[in-house]
Structures are given as C-alpha cells and as structure tokens.
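Structure, as structure tokens:
Being a predicted model, the structure only gives us computed values, none of them experimental. Values below: all heavy atoms of this structure, side chains included; hydrogens, waters and symmetry mates excluded.
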Amino acid sequence: MGILSFFRYNRRKTKDNKVVVYENISNELKNKLKTELKRDLKKDFNIEFERTTNLENEVINKYGFEGIKLVFECRNSDNYYVLGNFPKDCPWISLNNQNISDFIGANFKPIKNKIPDIIKALKQRCKFIYAEKKTETWDLHYLLDMKLYDDREYYRVYTGGSPNQSPEPNKSLVAFNWVIPNDLKEFYSIHDGFGEICNANFILNSKDIKVMGEMMNPICEEQNVKADGYSFNDLLEFFPDGGGNAQCFIRVNDDNNFTVDWDHEIWEISGKSGFYNFINKRMSEIDEK
C-alpha cells in the first residue's frame, strides 16, 4: 500500500479482533457532510427523517470513529476517545487494551450472572466503545447496531456514567428517609447511570433518582386525592419512559429492593419485580418493534 493510500484509511479492531478499514474524512468532505446531515424543515418530515438517518448510519459505517465524531459533533464529540486511545485519567484506562467483547465482559463481570441478556446483546451489537471527558466526570458510550421500526439498519447508543463505589442519597432521598437500594448501589459501582439517555430508556444516575412524593404530594393535596394501596413517599423513580410512566423501587417496611411500574394516567402500580430482572429484559431489547 502506498503512502497516500495509508493516509486515506484508518484501521480499527472489532469486538472479535478482526480489522475493519475505515476511510478518513477530509475537511472539505466534512463540511459537505455537515450540511447534508441537517434536516430540511421545509420538507416532509418522514422523507427527511429517512434521508438523514440513512446518511448518519452510512457516515459511521464508512468513516468509523471519525464518522461518529462528525455525527455527534453537537454533543461534545471533540472530547471523545475511542477504546485503545483512552487517556490516563479515564476511569476505564485499565481496560484500554481490551477488544470490545473482552472489555464488556470485564466491565460487567461483577454482575455478569444478573444481566446475562444485556451482556450478550452488548457483545453481539457493539461496534464502538468510546469515552467522553466532561467537565467534572466521564461517560462511556457503547454504539450498537440496531434496526429501526421499518427494518432499516441504524444504531443505538447506550451511555454509562463513571463507576461510583460509594453513592450517597441525594436531597430527594434524604427528605423522604430513603437509602439507595442495594441492587441499584451495586449497579452504580459499574455505571452511575446507564442507557439511552436521549430517548428516555435509561437508569437514572444517583444524583437524578427522585422520590415520587416530591412531585406527586402537592398534586394530591391540590386535587384532594390520594394513591390507592401505596404512598408516593414509598416510590423511588429510577427508569422513566419519557411518556410520564416510570419504573420505581417500592418501599415496604424496611425492604426497598423490589420495583414496580407506575402508570401516570391511572395512578396504578404493577406487581413487583426485581431490579435486575427488569433491566435485563428491558435493556437487552435493542431493535425497535
């Protein structure tokens, strides 16, 4: 291969140590793609959605990590570091030399028997792992292959916060005499927050979990109603669905390690399920239905 060809391409190892070759992006092409990636609001939404999502997927498949940085340029991508190039202050530096599959296995090893379907899905679908340096902390991104509702190839990004070995109850928990449930605390030791943050399919981090009484008690007082069979003070929201519903830990006496689904329209809760049972099923479903 000549020297010009060398500079046109970049290589990246996949999850199973195979080498994939991606093209480099010239500044001229980058500026052209930036324009093309923007949706034209004057055109039909569905047509533009299909065009831009197809292009985003094409850019990532063709240009690899450089394509990711371009697609997510508005999301701090100048501070992205792909696995293999993690800086020394990155929380996952000890796994920097692992391939994608081995990284996933090592990172989730302490809870591997509790979330087998999530780990399997990540290993099967993950194309890139990259860390993001933020102002005071780090995030880790897993870019996953997925299919949209219309069967087109696309991607989904799960984001995990930095490991937190000693999460403390935030103001909401303190106000309602809650402690962080043991299963959630254990998960925070791997990732303090995890999932598809931009699309309300995620485990809230330790700073953002909230007792539902904080929001719902004033509503109950104003409307002179109350929940039937439970107290909002005993529901701890950790997994919102973006539509007003939420999966919550429920506190019964001194036990707070089971979860229920809360329906915001009828104010009913589901039967109890374990935290790991819930997330293992919910977050291992990568494709759109």
If the condition is ring pair (Phe, Tyr, Trp, His ring centres under 6.0 Å), which residues does Tyr276 pass it with, not counting sequence neighbours?
none
Arg75 atom CZ, over 12 foreign heavy atoms within 6.0 Å:
no
Between Tyr22 and Phe128, is the gap from one ring center to the other below 6.0 Å?
yes
ILVMFWY cluster, Trp262 and Val252 together (side-chain gap under 4.5 Å):
yes
Glu153: what forms a side chain to side chain contact (heavy atoms under 4.5 Å, CB included) with it, not counting sequence neighbours?
Asn57, Lys147
Starting from the C-alpha separation in whole Å, work towards a yes-or-no answer on side-chain contact (heavy atoms from CB on, under 4.5 Å) for Ile68 and Lys127.
CA-CA 11 Å; Ile68 290 172; Lys127 290 177 65 175; over 6 Å; no
Heavy-atom pair of closest approach, residues Ile118 and Met283
CD1-CB, 3.9 Å
Does some side-chain heavy atom of Tyr154 sit less than 4.5 Å from a side-chain heavy atom of Asn54?
no
Are Leu236 and Phe238 joined in one hydrophobic group, where the rule is that I, L, V, M, F, W and Y side chains link up if heavy atoms are under 4.5 Å apart?
yes
Residue pair Lys34, Leu70: steps toward the side-chain contact (heavy atoms from CB on, under 4.5 Å) verdict
CA-CA 8 Å; Lys34 284 181 186 179; Leu70 177 60; 3.6 Å; yes
Apply side-chain hydrogen bond (donor to acceptor under 3.5 Å, both in side chains) to Glu168 and list each qualifying residue two or more places apart in sequence or on a separate chain.
none
I'd like to check Arg125 versus Asp287 (side-chain heavy atoms, cut-off strictly below 4.5 Å). Are they in contact?
yes
Would you find a donor on one side and an acceptor on the other, under 3.5 Å apart, between the side chain of Glu288 and the backbone of Tyr149?
yes
Listing, residues 212-225 side-chain donor-acceptor contacts under 3.5 Å, not counting sequence neighbours, or none:
from   : atom 1 : to     : atom 2 : distance (Å)
Glu214 : OE1    : Ser172 : OG     : 2.8
Asn217 : ND2    : Gly213 : O      : 3.3
Asn217 : ND2    : Asn233 : OD1    : 2.8

Thr159 side chain to Asp139 side chain, donor-acceptor N/O pair below 3.5 angstrom:
no
Do Lys123 and Lys120 have side chains that get closer than 4.5 Å, going by heavy atoms?
no
Partners meeting side chain to side chain contact (heavy atoms under 4.5 Å, CB included) with Ile266 (sequence neighbours left out):
Asp263, Glu268
With sequence neighbours excluded, tell me which residues meet ring pair (Phe, Tyr, Trp, His ring centres under 6.0 Å) with Phe202.
none
List the steps and the verdict of side-chain contact (heavy atoms from CB on, under 4.5 Å) for Leu235 and Val260.
CA-CA 9 Å; Leu235 292 182; Val260 294; 3.9 Å; yes
Could you tell me whether a side-chain N or O of Arg156 sits under 3.5 Å from a main-chain N or O of Ile286, the two making a donor and an acceptor?
yes
Going only through I, L, V, M, F, W and Y residues with side-chain contacts under 4.5 Å, is there a path from Phe239 to Ile197?
yes
Hydrophobic cluster membership, Leu55 vs Leu143, 4.5 Å side-chain cutoff
yes
Between Asn170 (side chain) and Ile209 (backbone), is there a donor-acceptor pair under 3.5 Å?
yes
Can you find a pair of side-chain heavy atoms, one from Tyr63 and one from Leu33, that are under 4.5 Å apart?
yes
State which residues pass side chain to side chain contact (heavy atoms under 4.5 Å, CB included) with Asn96; sequence neighbours excluded, sorted by chain then number.
Leu83, Phe86, Ile93
Could you report the tightest heavy-atom contact between Asn76 and Lys133, atom names first, then the distance?
ND2-O, 3.3 Å
In residues 105-115, what donor-acceptor pairs under 3.5 Å come from side-chain atoms, sequence neighbours left out?
from   : atom 1 : to     : atom 2 : distance (Å)
Asn107 : ND2    : Tyr142 : OH     : 3.0
Asn107 : ND2    : His191 : NE2    : 3.2
Lys114 : NZ     : Glu186 : OE1    : 2.8
Lys114 : NZ     : Glu186 : OE2    : 3.2

Applying ring pair (Phe, Tyr, Trp, His ring centres under 6.0 Å), name anything that partners Trp138, two or more places apart in sequence or on another chain.
Tyr81
Do Leu184 and Ile203 have side chains that approach each other closer than 4.5 Å (heavy atoms only, starting at C-beta)?
yes
For Asp228, does the CG atom sit with more than 12 other heavy atoms under 6.0 Å from it, leaving out its own atoms?
no
Sorted by chain and residue number, the side-chain hydrogen bond (donor to acceptor under 3.5 Å, both in side chains) partners of Thr137 (sequence neighbours excluded) come out as Ser162
Sub-3.5 Å donor-acceptor pair from the side chain of Ser77 to the main-chain atoms of Tyr80, do we have one?
no
Is there a side-chain contact between Gln247 and Ile279, using heavy atoms and a 4.5 Å cut-off?
no
Backbone N/O of Tyr188 and side chain of Asp192: donor-acceptor pair under 3.5 Å
no
Do you know the tightest heavy-atom contact between Leu204 and Pro240?
CG-CD, 3.8 Å
Exercise: identify the closest heavy-atom pair between Gly67 and Val59:
CA-CG1, 3.6 Å
Just do the salt bridge (charged side-chain N to carboxylate O under 4.0 Å, His left out) check on Lys32 and Glu28 with the steps written out, would you?
CA-CA 6 Å; Lys32 179 175 181 292; Glu28 181 181 359; over 6 Å; no
Decide whether Tyr155 and Val82 are clustered together by the hydrophobic rule: side chain heavy atoms of Ile, Leu, Val, Met, Phe, Trp, Tyr closer than 4.5 Å, transitively.
yes
Work out which heavy atom in Glu56 is nearest to a heavy atom in Leu37; give both atom names and the distance.
CG-CD2, 3.7 Å
Using modelled atom types and a 3.5 Å cut-off, is there a donor and acceptor pairing between side-chain atoms of Arg39 and backbone atoms of Arg51?
no
Heavy-atom side-chain proximity of Cys126 to Leu144 below 4.5 angstrom:
yes
Under 6.0 Å between the ring centres of Tyr230 and Phe232?
yes
Do Asp261 side-chain atoms and Ser270 backbone N/O form a donor-acceptor pair below 3.5 Å?
no
Main-chain N/O of Asp102 paired with Asn99 side-chain donor or acceptor, under 3.5 Å:
yes
Centroid-centroid under 6.0 Å between Phe72 and His141 rings
no
So, using side chain to side chain contact (heavy atoms under 4.5 Å, CB included) as the criterion, who are the partners of Asn257 when residues are at least two apart?
Pro181, Asn182, Asp183, Phe249, Asp255
Exercise: identify the closest heavy-atom pair between Val179 and Leu173:
C-CD2, 4.1 Å
Other residues, nucleotides and ligands only: do more than 12 of their heavy atoms fall within 6.0 Å of CZ on Phe258?
no
Is the shortest heavy-atom distance from the side chain of Arg282 to the side chain of Asp241 under 4.5 Å?
yes
Please list all pairs meeting ring-ring contact (aromatic ring centres under 6.0 Å, His included) that have one or both residues in residues 156-185, counting only residues at least two apart or in different chains.
Tyr158-Phe194
Between Asp117 and Asn280, is the side-chain hydrogen bond (donor to acceptor under 3.5 Å, both in side chains) condition met? List the steps.
CA-CA 6 Å; Asp117 295 333; Asn280 186 57; 3.0 Å; yes
